[in-house]
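What follows is a short report on a single structure.
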Amino acid sequence: MGIQLPFPTPQIEYALLLPVLVVLGAAVVSVLVEAIAPESLRRTLQPLLAFGSLAIALAGCVGLWDQRQLVAMGALVVDGPSVLLQGTLLVLAILGALLMMESRVDPAGDPFAARASTIPGSADEQAFGSRRQTEVWPLFLFAVGGMLMFPAANDLLTAFIALEVFSLPLYLLTGMARRRRLLSQEAALKYFVLGAFSSAVFLFGSGLIYAATGSLDFGGIADAVSADPTSGLLLSAGVALLLVGMFFKVGAAPFHQWSPDVYQGAPTALTAFMSAATKVAAFGALLRVMFVALGGAAWDWQPAVAVIAGISMLVGAVTAVVQSDIKRVLAYSSVAHAGFILTGVLAASPKGLSGSLVYLVAYGFVTLAAFGLLTIVRSPAGEATDVRQWNGLAKKSPVTAAVFSLLLLAMAGLPLTSGFTAKFAAWSAAWGGWQTGVVVIGAVSSTIAAAFYLRIIVSMWFADGDDDVVVALPGLGTRAVVAVGAASAVVFGVAPQLLLGLVDDVGVFLR
């Protein structure tokens, strides 16, 4: 007679967990390589391990497109939205890794690039992952693995674990800039302190929700909320704290204070990846919590989300106007975009879910490409991030100025760009009833935001430039990242049905 265990035997669907398991397994192997392999071998093995695991995970995601089921004893879920978000994250991770691989500037055929290659630190800032700092690769893979888990988590405990798995490596990576070390380390410290606080708030809110509903599982929480929509003060307090923790991760105002300093202080290659991927992962998890666990209490959380969306759009747009550093401009722009995406969340409907997913995909590729271009505009001090240093850039590199103008216009939501498609999808879901006011605030904020986007575009094309600022010839990785971002801005704007149809095929969350 066998021994009767007091708990069921775990049932793990390894094939359905392939993307997550491959990336986290590669992260563990990467740690061993970093500890055992000689430095010369690490420089080759670590990037190969990273790109190989990300490619295999992406192929696994494609194979899961039609799957709809709970896995890992209900801790994770494989459904249309989770697979779409995971696939988007993996593509963004591959593009981000390409930026991290850039370790030199090739001046061949470009006199400005030839000058840039002699500028102190012009290549040093880009040598983030491939030559001197191979330890970034295991941290990077752990961050990607946690991001893959976060939007697929089906209970609050798994969501918290995923949150910490991707947050802790990002805190370390933020402080690893080779130049401007004090600024980078200050940003890392701020990110860590505020991130730890938000994680504690998230965990406290989860505890209160468990006390009110008796469950951490999203389905169990939904059942408890449906049985008693007015569950009382305990549930309301738990939901409020949970949302505060998640609003921090998506960078919504007034919980955005970490964004400008981290965007400015972190290595630009990391900022590019983090600005795009973190928002996709965090919003994916937020959407699942709001639509699955708390869908029955929408009337309770909609007013709070409406307030946060309105504040985010206005604060992000107005504050970005007065910034003089382009990285800080893009940081406050991301705050405004967080408010735009929350407009889709506010709709609390399948159309709202589709609108938010469309926005996340469109925004991710454009913002990654924009930061990629920042790495090739150089000054004697390193990267030229001051807005005034971009004056007259079109005279030095018309292609760079044209592509950056396109990306900025997409962020502004100009028609025939992916930004217009994204805003239309999110705002049309929320149009009608009292939510129309939030859409109007979004339109006003978008108009304000267009001012600072156009200011940069006008200065690049019509202002007199600084002779000390040059445009370096980008490497193949940077070219690939910028090309994908620019292509997405045009294709998803001119042929929006490609993106809208893809998201429509995804369906809704599995409950």
Side-chain angles (χ1 to χ4, degrees), residues 10-27 53-54 56-93 141-167 169-170 202 206 215-222 242 245-246 249-250 276-295 341 345 353-354 356-357 360-361 364 502-503 505-511:
Q11 299 294 325
I12 307 297
E13 298 81 358
Y14 293 102
L16 298 179
L17 293 172
L18 179 65
V20 176
L21 294 179
V22 167
V23 174
L24 291 179
S53 62
L54 292 174
I56 294 172
L58 182 58
C61 255
V62 174
L64 297 177
W65 187 254
D66 294 327
Q67 297 292 328
R68 302 287 188 275
Q69 68 180 85
L70 299 178
V71 296
M73 301 181 68
L76 297 171
V77 60
V78 176
D79 58 12
S82 69
V83 173
L84 174 66
L85 292 169
Q86 288 179 339
T88 303
L89 286 168
L90 287 167
V91 175
L92 293 174
L141 287 174
F142 273 117
V144 174
M147 290 177 182
L148 295 177
M149 289 178 59
F150 202 32
N154 194 48
D155 63 65
L156 293 175
L157 183 58
T158 303
F160 177 75
I161 293 172
L163 176 65
E164 293 306 292
V165 169
F166 85 76
S167 294
L170 291 180
F202 180 97
S206 300
S215 178
L216 291 173
D217 177 81
F218 291 167
I221 296 172
L242 183 70
M246 301 199 78
K249 289 302 176 185
V250 303
T278 301
K279 202 169 287 298
V280 172
F283 263 110
L286 177 64
L287 286 166
R288 189 174 295 278
V289 169
M290 306 304 284
F291 281 68
V292 177
L294 302 175
I341 301 171
V345 179
L353 171 62
S354 297
S356 298
L357 293 177
L360 290 172
V361 175
L502 178 68
V503 173
D505 290 341
V506 163
V508 297
F509 288 118
L510 180 66
R511 298 177 183 271

- prompt: Does the gap between the ring centers of F166 and F142 come in under 6.0 Å?
  reply: no
- prompt: Does the pair V345 and F291 meet the rule for a side-chain contact (heavy atoms from CB on, under 4.5 Å), with working shown?
  reply: CA-CA 8 Å; V345 179; F291 281 68; 4.3 Å; yes
query: Would you call the rings of F160 and F202 parallel, tilted or perpendicular, where under 30° means parallel and over 60° means perpendicular?
result: parallel
task: With sequence neighbours excluded, give me every salt bridge (charged side-chain N to carboxylate O under 4.0 Å, His left out) pair touching residues 283-292.
output: D79-R288
- prompt: Can you tell me how far SG of C61 sits from CG of L148, rounded to the nearest 0.5 angstrom?
  reply: 7.0 Å
- prompt: To the nearest 0.5 Å, what is the distance between CG (L287) and CZ (F509)?
  reply: 5.0 Å
- prompt: Within the side chain of K279, is there an N or O that forms a donor-acceptor pair under 3.5 Å with the backbone of V250?
  reply: yes
message: Distance check, rounded to the nearest 0.5 Å: I56 atom CD1 versus L18 atom CG?
response: 8.0 Å
task: Considering non-hydrogen atoms only, spot the tightest contact between L286 and M246 and give its length.
output: N-CE, 3.4 Å
- prompt: Of the non-hydrogen atoms in G507 and P81, which two are nearest, and what is the gap between them?
  reply: O-CG, 4.1 Å
Option passing side chain to side chain contact (heavy atoms under 4.5 Å, CB included) with M149 (candidates V23, L24, L17): L24
query: Does the side-chain contact (heavy atoms from CB on, under 4.5 Å) test come out yes or no for L85 and L357, once each step is laid out?
result: CA-CA 8 Å; L85 292 169; L357 293 177; 3.8 Å; yes
statement: Interatomic distance, OG@S356 vs CE@M290, rounded to 0.5 Å, equals 11.0 Å
message: Apply side-chain contact (heavy atoms from CB on, under 4.5 Å) to residues V506 and W65 and explain how you reach the verdict.
response: CA-CA 8 Å; V506 163; W65 187 254; 3.7 Å; yes
- request: Determine the minimum heavy-atom distance between V22 and A57, stating which atoms define it.
  value: CG1-N, 4.3 Å
task: Heavy atoms only: give me the nearest A276-G364 pair and the separation to one decimal.
output: CB-O, 3.4 Å
task: Nearest 0.5 Å please: distance from the CG atom of L163 over to the CG atom of L156.
output: 11.5 Å
Pairs involving residues 143-156, ordered by first then second residue, that meet side-chain hydrogen bond (donor to acceptor under 3.5 Å, both in side chains) (sequence neighbours left out): N154-D217, D155-T158
- request: Using side chain to side chain contact (heavy atoms under 4.5 Å, CB included) as the criterion, list what pairs up with Q69, not counting sequence neighbours.
  value: E13, L16, Q67, V71
message: On a heavy-atom basis, which atom in L89 and which in P151 lie closest, and how many Å separate them?
response: CD1-CG, 4.4 Å
query: To the nearest 0.5 Å, what is the distance between CG (L84) and CG (L360)?
result: 9.0 Å
field: Close side-chain approach of S206 and L157, heavy atoms under 4.5 Å
entry: no
message: Checking V20 against Q86 for the side-chain contact (heavy atoms from CB on, under 4.5 Å) test, could you report, in this order, the C-alpha distance in whole Å, the side-chain angles of both residues, the deciding distance, and whether it holds?
response: CA-CA 9 Å; V20 176; Q86 288 179 339; 3.9 Å; yes
task: Could you tell me which non-hydrogen atom of G220 sits nearest to which non-hydrogen atom of S215, and how far apart they are?
output: CA-OG, 3.6 Å
